[in-house]
Amino acid sequence: MKEKDNNLNAKVTISLTSIQWQEREKSETELITCAELTRTGDGSFVISYEDTEATGFKGSVTTIKVDNEKSASIIRKGTANSLLSLEKGRKHFCQYGTPFGNMQIGVFTHDICNKLCEDGSLYLKYTLDLNSSYLSDNEIILKIQNPPCSDIHA
């Protein structure tokens, strides 16, 4: 059987649930929006969407790049600018932009589960700290409705 082309570029609808725990307080936001899904020749996935008031970052574009189940990045540009580097089992120091200025935060990644081609889902779990002081535990659950890449061989 002939191997299919691994490149993909499609407009998709995503549901994005963001869960944040601070101490024992849980906050959750959900966004359903149009996004651009790209699968590059090296097998990486890139998902890009415009933020809204629901995410608290209206006027920004968020891009999530997933290389595999070991690393990912979350890049936000616009009214808020940030770059979070996620690598399973490792801590990275990243720039995070806020309306009050930039700060450097620590990001420790607990889990990356990339099933974008299997069932159209992505799960990220990480902890944020500022100056080694705990900020929050975070989960991102992204689901693509009718994933267009289900027939692509990984």
Side-chain angles (χ1 to χ4, degrees), residues 6-9 12 14-144 147 149 152 154:
N6 277 345
N7 290 324
L8 167 75
N9 193 340
V12 296
I14 61 169
S15 74
L16 179 80
T17 303
S18 178
I19 303 167
Q20 184 177 64
W21 291 90
Q22 291 179 307
E23 301 298 323
R24 291 194 166 119
E25 297 245 346
K26 177 183 177 183
S27 66
E28 189 171 320
T29 59
E30 186 170 1
L31 173 68
I32 297 174
T33 190
C34 293
E36 180 124 350
L37 171 67
T38 304
R39 181 168 182 173
T40 63
D42 66 1
S44 298
F45 286 93
V46 179
I47 301 162
S48 187
Y49 61 92
E50 288 187 30
D51 282 291
T52 67
E53 287 180 25
T55 62
F57 297 103
K58 185 177 180 177
S60 295
V61 173
T62 296
T63 301
I64 300 172
K65 182 179 181 197
V66 186
D67 293 323
N68 47 45
E69 288 200 8
K70 293 182 182 175
S71 66
S73 60
I74 303 172
I75 303 152
R76 185 169 283 127
K77 293 183 179 178
T79 55
N81 295 295
S82 62
L83 168 60
L84 298 182
S85 296
L86 304 159
E87 188 176 0
K88 195 171 180 177
R90 297 202 52 198
K91 183 176 182 176
H92 288 272
F93 293 95
C94 305
Q95 289 296 318
Y96 198 81
T98 72
F100 308 104
N102 292 336
M103 59 183 165
Q104 187 175 38
I105 59 173
V107 182
F108 179 83
T109 306
H110 300 280
D111 198 12
I112 298 172
C113 185
N114 176 5
K115 297 194 182 290
L116 288 168
C117 265
E118 287 127 46
D119 64 8
S121 68
L122 174 66
Y123 175 77
L124 305 171
K125 184 176 183 179
Y126 54 95
T127 299
L128 298 177
D129 69 63
L130 177 62
N131 296 327
S132 297
S133 294
Y134 170 84
L135 284 176
S136 62
D137 286 309
N138 302 272
E139 294 176 84
I140 293 175
I141 303 160
L142 185 141
K143 294 186 179 178
I144 298 172
C149 62
I152 294 176

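Fair warning: this is a prediction, and the values are worked out from it, not measured in the lab.
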Hey, could you give me the [atom1]/[atom2] distance between [X] and [Y], rounded to the nearest 0.5 Å?
X	Y	atom1	atom2	value
R39	L37	CZ	CG	9.5 Å
K88	K70	NZ	NZ	9.0 Å
L83	I75	CG	CD1	5.5 Å
C113	K125	SG	NZ	12.5 Å
S48	K77	OG	NZ	9.5 Å
L142	S15	CG	OG	7.0 Å

K143 atom NZ: more than 12 heavy-atom contacts under 6.0 Å:
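No, the 6.0 Å shell around NZ holds no more than 12 heavy atoms from other groups.
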Can you check whether [Y]'s main-chain N or O pairs, donor with acceptor, with [X]'s side chain at less than 3.5 Å?
X	Y	result
N131	S133	no
T109	E87	yes
N81	G78	yes
T17	E30	no

Side chain to side chain contact (heavy atoms under 4.5 Å, CB included) evaluation trace for T33 with L16:
CA-CA 8 Å; T33 190; L16 179 80; over 6 Å; no
Can a side-chain donor-acceptor contact be found between [Y] and [X] if the only test is distance below 3.5 angstrom?
X	Y	value
R76	S60	no
N138	S136	yes
S73	S85	no
Y49	E36	no
S44	D67	yes

Minimum heavy-atom distance [X]-[Y], with the two atoms named:
X	Y	value
E50	L31	O-CD2, 4.5 Å
W21	Y134	O-OH, 3.1 Å
L116	N114	N-OD1, 3.1 Å
S82	Y96	CB-CD1, 3.6 Å
Q104	L130	O-CD1, 3.3 Å

Is the closest side-chain heavy-atom distance between I19 and I141 below 4.5 Å?
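Answer yes - side chains close enough.
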Are V107 and T127 side-chain neighbours, meaning at least one heavy-atom pair lies under 4.5 Å?
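No, their side chains stay 4.5 Å or more apart.
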I74 vs I140, side chain to side chain contact (heavy atoms under 4.5 Å, CB included): CA-CA, chis, key distance, verdict:
CA-CA 11 Å; I74 303 172; I140 293 175; 3.6 Å; yes
Before giving the answer on side chain to side chain contact (heavy atoms under 4.5 Å, CB included), spell out for V46 and I64 the whole-Å C-alpha distance, their side-chain angles and the decisive distance to 0.1 Å.
CA-CA 6 Å; V46 179; I64 300 172; over 6 Å; no
Applying side-chain contact (heavy atoms from CB on, under 4.5 Å) between Y126 and each of D111, D137, I112, L86, report the one that passes.
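One option only clears the test, and that one is L86.
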Start with the C-alpha distance between L84 and I105, add both sets of side-chain angles, then the distance that settles side chain to side chain contact (heavy atoms under 4.5 Å, CB included), and finish with yes or no.
CA-CA 9 Å; L84 298 182; I105 59 173; 3.7 Å; yes
Lys/Arg-Asp/Glu bridge criterion (N-O < 4.0 Å) met for K91, D129:
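So K91 pairs with D129 through a salt bridge.
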